[in-house]
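First comes the structure, then the notes that go with it.
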Number of protein chains: 2
Amino acid sequence: MADTAEAGQAGSGPDFRPLYGQVKDLLVRRIAAGELRPGEALPSEMRLAAELGVSQGTVRKALDELAAQHLVERRQGRGTFVAEQTESRALFHFFHLFDAEGQRGSPACREASSKSGSASRAEAKRLDLAAKAPVIRIDRVRTLDGVPSMVERIVVPAGLFPGLAEQPGDALPNTLYEMFQRDYGVTVTTADEQLRAVAAGAADARKLDVPEGTPLMEIDRVAIGIRGRPVEWRLSRVRTDAHTYRVRLD
Amino acid sequence: MADTAEAGQAGSGPDFRPLYGQVKDLLVRRIAAGELRPGEALPSEMRLAAELGVSQGTVRKALDELAAQHLVERRQGRGTFVAEQTESRALFHFFHLFDAEGQRGSPACREASSKSGSASRAEAKRLDLAAKAPVIRIDRVRTLDGVPSMVERIVVPAGLFPGLAEQPGDALPNTLYEMFQRDYGVTVTTADEQLRAVAAGAADARKLDVPEGTPLMEIDRVAIGIRGRPVEWRLSRVRTDAHTYRVRLD
DNA sequence: CAGTGGTCTAGACCACTTA
DNA sequence: AAGTGGTCTAGACCACTGA
């Protein structure tokens, strides 16, 4: 950092990274390593600038971009804080089912069970694991506004969640990502989803109380952690008679 | 603008808007009014700063935010340009169907027809029009990689697209948004989509060459123009046996 | 009241593009 | 060579927060 700072400007070279980008990387590494914990305040802009030997404007640009990625939150007059996975934040970013009036569906949990196992080929591929690596599988049914509306199969690498397999299924909270962060230091930052329409199989039909063959929306999600690696694979099948999946494109 | 600039800082008041926000608004108005046309270069940062009596840094912040919204494009060494709706841009932002290998499906058009009419209640509501306002309806079947895969009903306010109704349906291009902007000065900036799983009806089944009752994904989209008003309602039903709808969440 | 982030300014050097 | 956006700096005043 200092070398570039002494030059006083952008510098050059093939693999050059702007100063504010280097500041960003440094802060991301500190957060990912747990030196800065969720909810904790970062040093102020002035302090960071002094520590790193760059100007306040450069630190500001780095922090602004981290805030845009929801990795930190800035609060005027208070400071900059490592983002915390709250239930409302998790729902806002990762739960997109709304009822006809545009109200976010409020999910609850039912019939959850978790088991240990070793990764199938599909699981290993999705989670970027070695063949037969240990995984934990969670099956559950979720209700929306009281009606059984989703069946979910969740698969996570056992290595990231030591002890999770021993939890009884019904002890699992409704929004897992909050627990992932609080109890295991695993922060979900992004997710890739693939949606398709499928026909309800016999098991789906029974759990969701619909006729076999009913069209369901299948949501195939891989959640990515702060280090850029997959941390969860989730396959959901959803009734869309009372709720729709909403996206804003721009 | 000048009054705030003279003060030299943020200012105050209940409905205060930062200087860079005012610059943004001004530029958006100029683009929306057609004073700055798609593809055209904006004045340079220095020129804008001089014209508006603000510093270059303030103009820069405004332009950076407009670039983040894809309203302008910045090219180092060349200038800042009003964003143009190209086919690849339209597909990138508004077409989210990918095949199993992760390649974007390449859509083509078939059996397009367009007719004038007056808005139904649902159409008037979606498009924020008066009851029975004149609309143009386009029906078409689209293929993905050669296979008939989508049926679409597109509805637009006739007032925004004078003369469009007289176009024969098969003269319509594959990506409409490019034509909306080039021929009618209507720029689509964002869209709200609602997705659900539905069963193919008799007409769907015939057009898509699938059995009646096959699960299809229905995409209900309202496209919003640069002035913030709805400019198109599009209802699509899609086969998702070979393609999936992909979203990245963060 | 001191400390924080939010806004604004002025000026510098750089890399890139075009001519 | 001239002009553009990209980066970086230094310093100012502001609104907001909490002790």
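Reckoned from all heavy atoms, side chains included, excluding hydrogens, waters and symmetry mates. Naming convention: chains lettered A, B, ... in sequence-line order (proteins, then strands); numbering from 1 in each chain.
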Q56(B) CD to dA12(C) C1', straight-line distance once rounded to whole Å: 11 Å
Phosphate contact (dG5(C) OP1 or OP2) by R60(A) side-chain N/O below 4.0 Å: no
Side-chain N,O (R78(A)) to OP1/OP2 (dG3(C)) below 4.0 Å: no
Test item: R182(B) side-chain N/O and P38(B) main-chain N/O as donor-acceptor pair under 3.5 Å: no
Phosphate-side-chain proximity, K61(A) and dC8(D), N/O vs OP1/OP2 below 4.0 Å: no
Selected nucleotide, minimal atom distance to D64(A) side chain, candidates dG6(C), dT7(C), dC16(C): dG6(C)
Distance in angstrom units between M46(B) CE and dC13(C) P, rounded: 15 Å
Side-chain N,O (R75(B)) to OP1/OP2 (dC16(C)) below 4.0 Å: no
R74(B) to F81(B), cation-pi by 6.0 Å centre distance and 45° axis angle: no
Protein-nucleotide distance (R47(A), atom CZ; dA2(C), atom P), rounded to Å: 19 Å
Nucleotide dG5(C), atom P - distance to CG of L63(A) in whole Å: 8 Å
Modelled atom types, side-chain donor and acceptor of Y245(A) and E193(B), under 3.5 Å: no
T58(B) side-chain N/O to dT9(C) phosphate OP1/OP2 under 4.0 Å: yes
Separation of dA15(D) P from R74(A) CZ (nearest whole Å): 19 Å
OP1 or OP2 of dT4(C) under 4.0 Å from side-chain N/O of S44(A): yes
Length of the CZ-P vector between R17(B) and dT7(C), whole Å: 10 Å
Check: P107(A) main-chain N/O paired with N174(A) side-chain donor or acceptor under 3.5 Å: yes
Distance test, side-chain N/O of Y20(A) to OP1/OP2 of dT7(D), below 4.0 Å: yes
Spacing between K24(A) atom NZ and dT7(D) atom C1', to the nearest angstrom: 15 Å
Residues Q56(B) and K61(B): side-chain donor-acceptor under 3.5 angstrom: no
Closest listed nucleotide, where the reference is the side chain of Q76(A) and the choices are dT9(C), dG6(C), dT9(D): dG6(C)
5' precedence on DNA chain C between E45(A) and G57(B) (nearest-nucleotide basis): E45(A)
Between C1' of dT9(D) and CG of L48(A), the distance in whole Å: 17 Å
Which nucleotide in dG5(C), dG6(D), dC8(D) has an atom nearest any side-chain atom of F16(A): dC8(D)
